[in-house]
Amino acid sequence: MSLPNGPYNPQQNEDEILKYWLENKFYKPEYSPVKDQVVSTEEMKADPREPFSIICPPPNAYGRPHLGNISGYAYQDAMGRYARMKGKKVLLLPGKDHAGLEGEGVFVRDILEKKGVDKFSLSREEFYNQIWKFNMQNKELALKDEQTIGLSADFDRDIFTLDPKIVEIVLSTFIEMFNQNMIYKGVRIVNWDPKAQSVIADNQCVREERKGKIYRIKYPIVDDNNQITGEFITVATTRPETMFGDTAIAVNSTDERYTNLVGRKCLIPLTNTIIPIITSPRVEKEFGTGCLKITPAHSLDDFTIMTEWNQANQANQISYCNVINKDLTLVGPVPSKYLGRKYTDVLPEILSDLKSGEYLISEEELVQNILIAERTKAIVEPIMSSQWFIDIEKIRQPVIDMVKNGDVTIHPKNMEAKFFYWMENLRDWAISRTLWWGYRMPVWYAGPIEERIDNNGKVETFINLNNEWVVLDSTSENHLKVQLESPGTNWIQEESVLDTWFSSGQWPYATLMVNNLMDTFYPTSVMETGYDILENWVSRMMMFSYFKLKKEPFKDIYLHGLVKGTDGQKMSKSKGNVIPMDQAKEKYGVDPLRMVYFYQNSAGASYALTYEKLEMFKNFNNKIWNASKFVLGNFEKNNIQYSIPALDSLRLENSKEIFNHITDVKQKVTKFMDTFKFGLASSTLYDEFWHNFCDKLIEQSKVYLYTQKNKDTGEFISEPKPEELQETVNIFVYALKEYTKMLHPFIPFITEKIWQELPKVEGDHKTVMYSKW
RNA sequence: GGGCAUUUAGCUCAACUGGUUAGAGCACCUCGUUGACGUCGAGGAGGUUAUAGGUUCGAUUCCUAUAGUGCCCACCA
């Protein structure tokens, strides 16, 4: 019943205690604190204790969790530990993420390219096997880190996002959605890498400054009978070659120079194509001529203007017209002399034809930002392509209502605005991705497919059936089937994989279904994650949960702030402001590291992780350690029998003061814990323990413990009275026990160590983890 | 450009959602410390709560405007 001399040694204690927790399987919901053993899952389910569950956001499997992930673990764990002490059966479910695009990128960059291997020299299967192995090896390290930090999750249930059982659930949802007509194949603008001959994602592109030219071109205005009136509208463009794909001219509605032209029509020079003049708030009056030619097929901005216009003007919709093919030749409604030739070759001819027709007014030099493919360095060509979409109309409002009705509460509350803004402005969600590392779509074609551009610049998908190309009909089972297994040897699976969020959006129920725990733990209690993925991830989980189960996936959303580096800047290795976890653990211990995340922090607020703060909480741990040594030392030395004190049986005013102090602190901290105010809970504990309990209450109690002597003369004054001494030490032990429990969710290791040495009474558990709050 | 935050001591942040004298840690100054203290304690200095208005008996807190900073989204024809 005593603690070793000297300062607290976190390294030694943490290993010891972690082993104790893991061996006793305290982390499992099946652990019964009454029987002190693991019971069957069925018995756990029948246990009337209230369930509490958190599905831990899975970190990337390819690497070790960074201090941002660990921040999340600290919060998830604190909630879990608090719930356990409140007598709930607790499940914290851990997992690891394959991290689609990023996971594939890291593997290609750090492994394949270092070995000089090109991704495309491997078959898809080979590639998948290699990256799978790579992830399996690395995820063990991640798991170890989670344990080290004290995350009290049920590690037997740790699961990978590409686990076959999860895959089956995720893909079944795709099939259900397809059968309910919520998934469709549509046409959308994409980034085309002409060198790799593949669609690439936004973050596989980089911007580069290049010198280019901007041309001013006159478009003749026509009247209602499509006759040229002699008026013109002048646009500025850097890409005259896309003019055959123009489907409108846009001006800003507040631009008085053009109000008389809005709603009229004009002619694309060198063609017979008539296009309307529309308005868009995105057009800047000051840039160029203030008139923008809209080429939705070859400019993301124009594509956006088109979708916005069409949404607001149902009766006057404009369309797209794709005039650049995947081999960079011109296609579609293009004058025949240019058709089928590379646009770069044709451009000078187009310019000279414009000049001779007196359409070209001027050309100027200009520095522009061009999109470049990161890997091949090719100029990215925006073109139209078929993609798979989810129609979100049916799920939008129910998900908004979850928050409005209070079924789901977002902490901090001000993030609700962000959430509503996102949900209300959400458009149909494009879910196909050109990757190999992920969930390949369960779509099967009866033959090879090919995308073509027709004479009007429209994208059409053809399928080859019995050596004949026909237009793909995605509603016909003769052309296309959506199912898990291949329908037969001649059927060809869709190349694309699903967007990562399509699978991670199903993570809460998928993981619980795999474990057959839906009945007990769904909806889960809290979703704890960083505020930066509220929109991308949290909203998706709610959408899928509504679609599949018609209920919310979790009751509360706690969004922690992002961890910044030692200099207060965004943490990044290149800036050198990152504290490595191993170093923090070695030098300060896990408890101080965890404490940094909580202390004085509030939901959604970012904060810096500094050595100064680690030092501060290392000192705090040491203070706790020393106070405990003091209390336990006196307890042992004086041979005290511990009993829980009651206020009205206390004789000393001093004892009453301590008793009331504990009651007061406990009430405050409980309130903070229940309202997700972990910053206030932890700082209250820090301040009260150190500056009130230690500095004042313990100090003033010493008269009851020691022989009093005159300071100057050394003359004897009084001897401690045994009854007073007994009561004082007893109340110290009581206070220390309560503090140990209250501090445990935040700093679990040192509190467990101290708890082991404290005298127990009826109702106490052998581990502080299951001791009653 | 749109959205969301944020601005409090030299630095890093609190202030429990309108109520005594705005609090901690680090740094600084002065004392003290041989019975818990890899240190700690007592005390001190340091603030017109970004600026300007407004609401209120009362504003760090609510409202408006301005300026600075950060993040997310969209981006130059």
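Residue numbers begin at 1 in each chain, while the letters A, B, ... track the order of the sequences.
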Nearest to the [X] side chain among [options], which nucleotide is it?
X	options	answer
A:L680	B:A15, B:A36, B:C75	B:A15
A:T238	B:A77, B:A15, B:G38	B:A77
A:I698	B:A36, B:A24, B:U12	B:A36

Strand RNA chain B as a dot-bracket string - pairs counted if Watson-Crick or G-U with both distances under 3.5 Å, | where the partner lies in another strand: (((((((..((((.....[...)))).(((((.......))))).....(((((..]....))))))))))))....

Applying side chain to side chain contact (heavy atoms under 4.5 Å, CB included), name anything that partners [X], two or more places apart in sequence or on another chain.
X	value
A:T238	A:I214, A:L366, A:Q368
A:F420	A:I400, A:V403, A:K404, A:E416, A:E424
A:Q667	none
A:V262	A:V251, A:T279

Write down the distance separating the [atom1] atoms in [N] and [M], rounded off to the nearest Å.
N	M	atom1	value
B:A14	B:U56	P	31 Å
B:A9	B:A24	C1'	11 Å
B:G25	B:U66	P	40 Å
B:A15	B:G70	P	23 Å
B:U17	B:C26	P	28 Å
B:G23	B:A45	P	13 Å
B:G41	B:A36	C1'	13 Å
B:A74	B:A67	P	26 Å

Where at least one partner belongs to residues 678-688 of chain A, residue pairs that pass side chain to side chain donor-acceptor pair (under 3.5 Å), sequence neighbours excluded: A:E688-A:N692

Sugar-phosphate or base contact per nucleotide [nucleotides 40-45 of chain B; S, B, -; heavy atom under 4.0 Å]: SSS---

Interatomic distance, [X] [atom1] vs [N] [atom2] [rounded to whole Å]:
X	N	atom1	atom2	answer
A:W422	B:A74	CH2	P	9 Å
A:F635	B:G35	CZ	C1'	20 Å
A:Y706	B:G35	OH	P	9 Å
A:E612	B:G10	CD	C1'	12 Å
A:K668	B:C16	NZ	P	12 Å
A:Y599	B:G23	OH	P	14 Å
A:F620	B:G38	CZ	C1'	18 Å
A:Y531	B:G70	OH	P	13 Å

Near-strand residues of residues 724-740 of chain A, defined as heavy-atom separation under 4.0 angstrom from RNA chain B: none

Partner set under ring pair (Phe, Tyr, Trp, His ring centres under 6.0 Å) for A:Y219, not counting sequence neighbours: none

Non-neighbouring partners of A:W755 that pass ring pair (Phe, Tyr, Trp, His ring centres under 6.0 Å), sequence neighbours left out: none

Along RNA chain B (nearest heavy atom to each residue), the more 5'-positioned of A:Y421 and A:F630: A:Y421

First encountered from the 5' end of RNA chain B, between A:K418 and A:C291: A:K418

Results of side-chain hydrogen bond (donor to acceptor under 3.5 Å, both in side chains) for A:K702 - residues two or more places apart only: A:E699

Within residues 590-617 of chain A or reaching into it, pairs that qualify as salt bridge (Lys or Arg N to Asp or Glu O under 4.0 Å) - sequence neighbours excluded: A:D77-A:R594

Pi-cation contact, A:F232 with A:K218 (under 6.0 Å, within 45°): yes

Under 3.5 Å side-chain donor-acceptor pair for A:E381 and A:H298: no

A:K293 versus A:T242, side-chain donor and acceptor atoms under 3.5 Å: yes

A:I70 side chain near A:Y597 side chain, heavy-atom distance below 4.5 Å: yes

Touch class at under 4.0 angstrom, heavy-atom based, for A:K702 against every strand present: base

Sugar-phosphate, base or nothing in reach of A:K671, heavy atoms under 4.0 Å: base

